[in-house]
K.L.:
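Next up is a structure, given as structure tokens.
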Amino acid sequence: NTNLMLRIHSFFILSSSMIVWMPFIVMLLFSLGLNNYFSSNKKFPIYLLLFGWVTFIGGSGILYLSQPYFKPVVLTNKDIYGSYVVDKSKFPGKQADWQYENFRFKITKTDTLIFEYKLYENKWKTEHIKLSYSSGYYDLDKEEYCNRKLQVHSDSTNHHIIKDNPTLYRKKFGNFYYVFESEKFGNVFFKKGIWEGKSR
């Protein structure tokens with residue numbers, strides 16, 4: 001399986017290289033054609049050709065380097081570890097504000113979900129839930145399994161928000177969030193961040 005994945009990866013690298021070089025080849029042939037066409041004309045605007053090449057190479061370089069930022073983020077376990085808060089931007093309003101003030105959690109390196117919810121005033125209750133991960137897929141560049149889904153080993157005694165496994169959504173520019181389906185609140189959105197509620 002590993003050899004097959006390496007061959008597929010090599011094929012995609014070769015294909016990508018051909019795609020990257022193809023515009024340069026076309027531009028070179030076009031330049032040679034212009035040069036031959038205007039070879040008898042001493043007024044050939046060579047500076048325009050140079051400007052075109054510089055613009056083409058610069059633009060191609062920017063597009064190539066920016067490609068990873070326009071693709072869904074690839075997550076490793078290290079990216080997943082950390083603190084999470086309710087994402088109020090998904091459905092702004094009083095309900096989202098209230099959820100933000102009352103719920104938060106952490107994912108630790110010991111594969112534990114530490115879920116906290118407010119009882120009253122500054123009193124919080126904490127639940128420690130064991131986590132495991134789906135296999136995800138093996139990323140040859142990062143040399144580890146990536147985009148692994150959370151599997152929350154909770155039971156009926158735990159809070160209703162974390163009774164089911166969350167859904168992972170990966171976005172562009174390194175963004176991602178989890179959606180927990182609550183029997184009382186419906187979808188609850190969590191993003192990575194530091195809690196900055198009214199009562200710390």
Side-chain angles (χ1 to χ4, degrees), residues 1-2 5 8-9 66-200:
N1 291 336
T2 302
M5 292 178 66
I8 294 175
H9 184 66
S66 62
Q67 278 184 354
Y69 297 99
F70 293 94
K71 296 179 180 179
V73 59
V74 176
L75 299 173
T76 64
N77 277 22
K78 185 178 179 181
D79 299 317
I80 294 173
Y81 300 144
S83 300
Y84 291 80
V85 297
V86 170
D87 188 352
K88 297 187 292 183
S89 67
K90 294 296 182 290
F91 292 96
K94 293 182 178 180
Q95 178 68 10
D97 293 339
W98 180 85
Q99 289 179 358
Y100 180 91
E101 291 291 333
N102 286 272
F103 305 107
R104 62 193 183 192
F105 68 85
K106 295 180 181 178
I107 297 177
T108 70
K109 295 180 180 179
T110 57
D111 297 334
T112 302
L113 186 146
I114 304 176
F115 185 79
E116 297 179 297
Y117 57 96
K118 190 182 295 185
L119 297 175
Y120 55 90
E121 295 182 354
N122 297 332
K123 301 296 182 181
W124 292 77
K125 183 174 181 179
T126 303
E127 296 183 3
H128 291 74
I129 313 297
K130 192 65 180 174
L131 292 176
S132 61
Y133 301 88
S134 66
S135 57
Y137 81 97
Y138 190 80
D139 190 285
L140 294 173
D141 293 325
K142 295 181 179 293
E143 297 184 344
E144 62 179 296
Y145 285 94
C146 299
N147 300 340
R148 303 172 71 189
K149 297 180 181 179
L150 289 181
Q151 296 176 340
V152 182
H153 299 283
S154 59
D155 55 40
S156 59
T157 63
N158 296 120
H159 196 277
H160 58 85
I161 288 181
I162 55 173
K163 280 187 178 180
D164 295 321
N165 297 327
T167 302
L168 170 64
Y169 290 90
R170 299 178 296 112
K171 298 298 181 180
K172 301 174 183 178
F173 307 109
N175 297 320
F176 69 96
Y177 60 90
Y178 286 104
V179 179
F180 287 80
E181 186 175 350
S182 165
E183 59 189 19
K184 295 183 179 181
F185 303 148
N187 291 333
V188 183
F189 299 80
F190 285 90
K191 66 178 182 178
K192 203 169 186 181
I194 303 300
W195 190 77
E196 297 179 348
K198 296 178 181 179
S199 56
R200 297 190 180 184

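Counting begins at 1 with the first residue of the sequence. Keep in mind that this is a model prediction, so the values were computed, not measured.
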K.L.:
Supply the atom-to-atom distance I162 CD1 to L150 CG, rounded to the nearest 0.5 angstrom.
P.N.:
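Atom-to-atom, I162:CD1 and L150:CG are 11.5 Å apart.
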K.L.:
Sequence neighbours excluded, which residues qualify as salt bridge (charged side-chain N to carboxylate O under 4.0 Å, His left out) partners of K90?
P.N.:
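If we apply the salt bridge (charged side-chain N to carboxylate O under 4.0 Å, His left out) test to K90, skipping adjacent residues, the hits are D87.
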K.L.:
Would you indicate whether the side-chain heavy atoms of C146 and T76 approach each other to under 4.5 Å?
P.N.:
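Heavy-atom side-chain distance check passes, below 4.5 Å.
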K.L.:
What are the two closest heavy atoms between A96 and K88, and how far apart are they?
P.N.:
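Heavy atoms of A96 and K88 come nearest at O-CG, 3.7 Å.
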K.L.:
Which value, rounded to the nearest 0.5 Å, describes the distance between E181 atom CD and I161 atom CD1?
P.N.:
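With rounding to 0.5 Å, CD (E181) is 12.0 Å from CD1 (I161).
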K.L.:
Nearest 0.5 Å, please: how far is CD in Q99 from CZ in F91?
P.N.:
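Answer for the CZ-CD pair, F91 versus Q99, is 10.5 Å.
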K.L.:
Checking T126 now: which residues fulfil side-chain contact (heavy atoms from CB on, under 4.5 Å) with it, not counting sequence neighbours?
P.N.:
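Testing T126 for side-chain contact (heavy atoms from CB on, under 4.5 Å), a comparison that skips the adjacent residues, returns I114, E116, H128.
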K.L.:
Using the test side-chain contact (heavy atoms from CB on, under 4.5 Å), find all partners of T110 that sit at least two apart in sequence or belong to another chain.
P.N.:
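Partners of T110 under the side-chain contact (heavy atoms from CB on, under 4.5 Å) test: T108, T112.
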K.L.:
Would you give the length of the straight line joining atom CD1 of I107 to atom CD1 of I80, rounded to the nearest 0.5 angstrom?
P.N.:
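Here the rounded value is 6.5 Å.
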K.L.:
Mind checking what makes side-chain contact (heavy atoms from CB on, under 4.5 Å) contact with E143, not counting sequence neighbours?
P.N.:
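E143 satisfies side-chain contact (heavy atoms from CB on, under 4.5 Å) with Y138 once adjacent residues are dropped.
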K.L.:
Does a donor on one side chain and an acceptor on the other come within less than 3.5 Å for D139 and Y137?
P.N.:
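Indeed, the side chains of D139 and Y137 share at least one donor-acceptor pair under 3.5 Å.
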K.L.:
Of Y177, F103, Y100, Y178, which meets ring pair (Phe, Tyr, Trp, His ring centres under 6.0 Å) against Y84?
P.N.:
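It is Y178, the one option of Y177, F103, Y100, Y178 that forms the ring pair (Phe, Tyr, Trp, His ring centres under 6.0 Å) with Y84.
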K.L.:
What residues, two or more places apart in sequence or in another chain, satisfy side-chain contact (heavy atoms from CB on, under 4.5 Å) together with N165?
P.N.:
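Q151, V152.
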K.L.:
Counting heavy atoms not belonging to K171, are there more than 12 under 6.0 Å from its NZ?
P.N.:
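Count not over threshold, so no.
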K.L.:
Quick one: closest heavy-atom pair of R148 and S134, and the distance?
P.N.:
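Scanning both residues completely, I find the closest heavy atoms to be NE-O, 3.0 Å.
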K.L.:
Under 6.0 Å between the ring centres of F115 and F180?
P.N.:
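Centroid separation for F115 and F180: 6.0 Å or greater.
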K.L.:
Mark yes or no for whether N147, through its side chain, and L75, through its backbone, hold a donor-acceptor pair below 3.5 Å.
P.N.:
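Yes, the answer is positive, given that a donor and an acceptor are paired below the 3.5 Å cut-off.
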K.L.:
Got a second to check how far D111's CG is from Y133's OH, nearest 0.5 Å?
P.N.:
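Interatomic distance, D111 CG to Y133 OH, rounded to 0.5 Å: 4.5 Å.
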K.L.:
Identify every side-chain donor-acceptor pair in residues 184-194 under 3.5 Å, counting partners at least two apart or on other chains, and give the distances.
P.N.:
| from | atom 1 | to | atom 2 | distance (Å) |
| --- | --- | --- | --- | --- |
| K192 | NZ | D79 | O | 2.5 |
| K192 | NZ | Y81 | O | 2.7 |

K.L.:
Taking side-chain hydrogen bond (donor to acceptor under 3.5 Å, both in side chains) as the test, write out the residues that go with N158, two or more places apart.
P.N.:
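Listed in chain order: E127.
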K.L.:
To the nearest 0.5 angstrom, please state how far the NE2 atom of H153 sits from the OG atom of S132.
P.N.:
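Those atoms lie 2.5 Å apart.
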K.L.:
Who pairs with S135 by side-chain hydrogen bond (donor to acceptor under 3.5 Å, both in side chains), at least two apart in sequence or on another chain?
P.N.:
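side-chain hydrogen bond (donor to acceptor under 3.5 Å, both in side chains) check on S135 returns nothing, list empty.
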